[in-house]
2 protein chains.
Amino acid sequence: MENTVENIRAQMRKGLLDYCILSILGKHEAYASSLIEELKAAGMIVVEGTLYPLLIRQKNQGLLDYRWEESTQGPPRKYYVLSDKGREQLAQMDAAWQEIIDSVNTLKRV
Amino acid sequence: MENTVENIRAQMRKGLLDYCILSILGKHEAYASSLIEELKAAGMIVVEGTLYPLLIRQKNQGLLDYRWEESTQGPPRKYYVLSDKGREQLAQMDAAWQEIIDSVNTLKRV
DNA sequence: TTTGGTACTTTGCGATACAAGGTATTAGAA
DNA sequence: TTCTAATACCTTGTATCGCAAAGTACCAAA
């Protein structure tokens, strides 16, 4: 892999996508395409081939539920919502994320 | 993969190890075992099977140089130092890391 | 009825973190 | 001398993940 700035960022993003998805769904329900838009707006680029398997994994882990909803502009949408278990996991991820930041800060110090 | 706290942290660590190694070597030279100790002290658990290939990759990318040094307590140690290219990369990684934090913060906001 | 837009899904590949096992050097004990 | 323990470096095989690319399906408007 080349050392481009984008590749550096891509590598750092890895492992945070699960957290980002749960964070968004912790605020409001969403369907895949809208998740991609929201992630992109925040600077977290994700593509379909990454997101769909990820949502299926989280659903299979019991972190998410979903319901189908008709759209006026195309095929029906699969709206995902956070389950109770998903909320617990999100809380743990919030803590884990803070610890990671602390760890990096510790390493940067002196 | 189970949803244990440790697994959550492990996933988030992924992609940050390169950055952590360069950050440490940006402060002082080090050999593999000492890197593991310093990472562990900061809460960034890494094992040998991860670190050695990583150091070899970074060396092959021209980010690191190394020199052998005798030890009074065992076999010789391979001390790694940051190359000029490694320093440039570290600077880019510092920026990328800050952007990642900003992105997550943006997602968490309302 | 055909085209374009939206949305969901799958397949195959490359990269990486890790567990587990292996090699080599040194110092000190038996 | 030989064996053991500690230190240190390295490799192999596996699982997972992110992504590019291709595929399927629905709907509305031309």
Side-chain angles (χ1 to χ4, degrees), chain A residues 1-4 6-22 29-40 44-61 63-64 66-80 100 103, chain B residues 1-4 6-22 29-40 44-61 63-64 66-80 100 103:
Chain A
M1 192 204 260
E2 288 185 39
N3 300 331
T4 66
E6 195 39 55
N7 284 335
I8 292 171
R9 293 212 50 198
Q11 194 183 353
M12 287 185 176
R13 271 199 303 271
K14 291 186 184 183
L16 292 179
L17 287 181
D18 274 290
Y19 178 45
C20 291
I21 300 304
L22 291 192
E29 62 180 16
Y31 62 101
S33 299
S34 69
L35 283 170
I36 290 178
E37 284 308 307
E38 189 161 353
L39 288 164
K40 189 191 293 180
M44 276 285 184
I45 297 172
V46 188
V47 296
E48 291 184 326
T50 298
L51 184 58
Y52 283 99
L54 187 158
L55 289 171
I56 291 169
R57 282 198 303 272
Q58 293 186 333
K59 170 66 171 67
N60 289 340
Q61 291 174 357
L63 306 177
L64 307 180
Y66 68 78
R67 63 181 170 75
W68 288 99
E69 182 165 310
E70 297 296 319
S71 166
T72 60
Q73 294 183 340
R77 296 167 175 172
K78 208 171 181 177
Y79 276 87
Y80 285 93
I100 293 283
S103 289
Chain B
M1 190 202 255
E2 287 186 41
N3 300 329
T4 66
E6 196 37 55
N7 284 336
I8 292 172
R9 293 213 51 199
Q11 194 183 352
M12 287 186 177
R13 271 199 305 270
K14 291 186 182 182
L16 293 178
L17 287 181
D18 275 289
Y19 178 44
C20 290
I21 300 304
L22 291 193
E29 61 181 16
Y31 61 101
S33 300
S34 69
L35 283 171
I36 290 177
E37 285 307 307
E38 189 161 353
L39 287 164
K40 189 191 292 181
M44 278 284 184
I45 297 172
V46 189
V47 296
E48 291 186 329
T50 299
L51 184 58
Y52 282 99
L54 188 158
L55 289 170
I56 291 169
R57 283 199 301 273
Q58 292 186 332
K59 171 66 171 66
N60 289 341
Q61 290 174 357
L63 306 177
L64 307 180
Y66 67 78
R67 62 179 171 76
W68 287 99
E69 187 167 302
E70 298 295 321
S71 166
T72 59
Q73 295 184 338
R77 298 166 175 173
K78 207 172 182 178
Y79 276 87
Y80 285 92
I100 293 282
S103 289

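Hydrogens, waters and symmetry mates play no part in the numbers below; they use all other heavy atoms, side chains included.
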Original post:
In chain order, what residues pass the side chain to side chain donor-acceptor pair (under 3.5 Å) check against A/Glu29, with sequence neighbours excluded?
Top reply: A/Arg67
Original post:
Between atom CG in A/Leu55 and atom C1' in D/dG18, what is the gap in whole Å?
Top reply: 14 Å
**OP:** Compare side-chain N and O positions of A/Tyr31 against OP1 and OP2 of C/dC8 and report whether any pair is under 4.0 Å apart.
**Re:** no
**OP:** Please determine if a side-chain N or O atom of B/Lys78 lies less than 4.0 Å away from the OP1 or OP2 oxygen of D/dC10.
**Re:** yes
Subject >> Rounded distance in Å - CD (A/Gln11) to P (C/dA15) >> reply: 12 Å
Subject >> For atom CH2 of B/Trp68 and atom P of D/dA8, their distance in whole Å >> reply: 12 Å
**OP:** Please list, chain by chain and in numerical order, all residues satisfying salt bridge (charged side-chain N to carboxylate O under 4.0 Å, His left out) with B/Arg13, sequence neighbours excluded.
**Re:** B/Glu6
Original post:
When the distance from CG of B/Asn60 to C1' of D/dC10 is rounded to whole Å, what number comes out?
Top reply: 14 Å
**OP:** Sugar-phosphate atoms are those with a prime plus P, OP1 and OP2; base atoms are the rest. Using that split, label each nucleotide of nucleotides 19-30 of chain D B, S or - for protein heavy atoms under 4.0 Å, 5' to 3'.
**Re:** BBB----BSS--
**OP:** Rounded to the nearest angstrom, tell me the gap between atom CD in B/Gln58 and atom P in D/dC9.
**Re:** 15 Å
Original post:
Can you pull the side-chain hydrogen bond (donor to acceptor under 3.5 Å, both in side chains) pairs that have at least one residue in residues 49-60 of chain A, sequence neighbours excluded?
Top reply: A/Asp18-A/Gln58
**OP:** Just jot down the side chain to side chain donor-acceptor pair (under 3.5 Å) partners of B/Glu48, sequence neighbours excluded, or say none.
**Re:** none
Subject >> Contacts of A/Arg9 that satisfy salt bridge (charged side-chain N to carboxylate O under 4.0 Å, His left out) - sequence neighbours left out >> reply: B/Glu99
Original post:
Atom CD of B/Glu69 and atom C1' of D/dT7: how far apart are they, to the nearest Å?
Top reply: 15 Å
**OP:** Rounded off to whole Å, could you give me the NZ-to-P distance for the A/Lys14 and C/dG14 pair?
**Re:** 13 Å
**OP:** Nearest-nucleotide wise, let me know which of B/Leu54 and A/Tyr80 is further upstream toward the 5' end of DNA chain C.
**Re:** A/Tyr80
**OP:** Taking only the side-chain nitrogens and oxygens of B/Tyr52, find out if one of them lies under 4.0 Å from OP1 or OP2 of D/dC9.
**Re:** yes
**OP:** Rounded off to whole Å, could you give me the OH-to-P distance for the B/Tyr19 and C/dT16 pair?
**Re:** 18 Å
Original post:
Taking only side-chain nitrogens and oxygens of A/Arg57, does any of them come within less than 4.0 Å of OP1 or OP2 of D/dA15?
Top reply: no
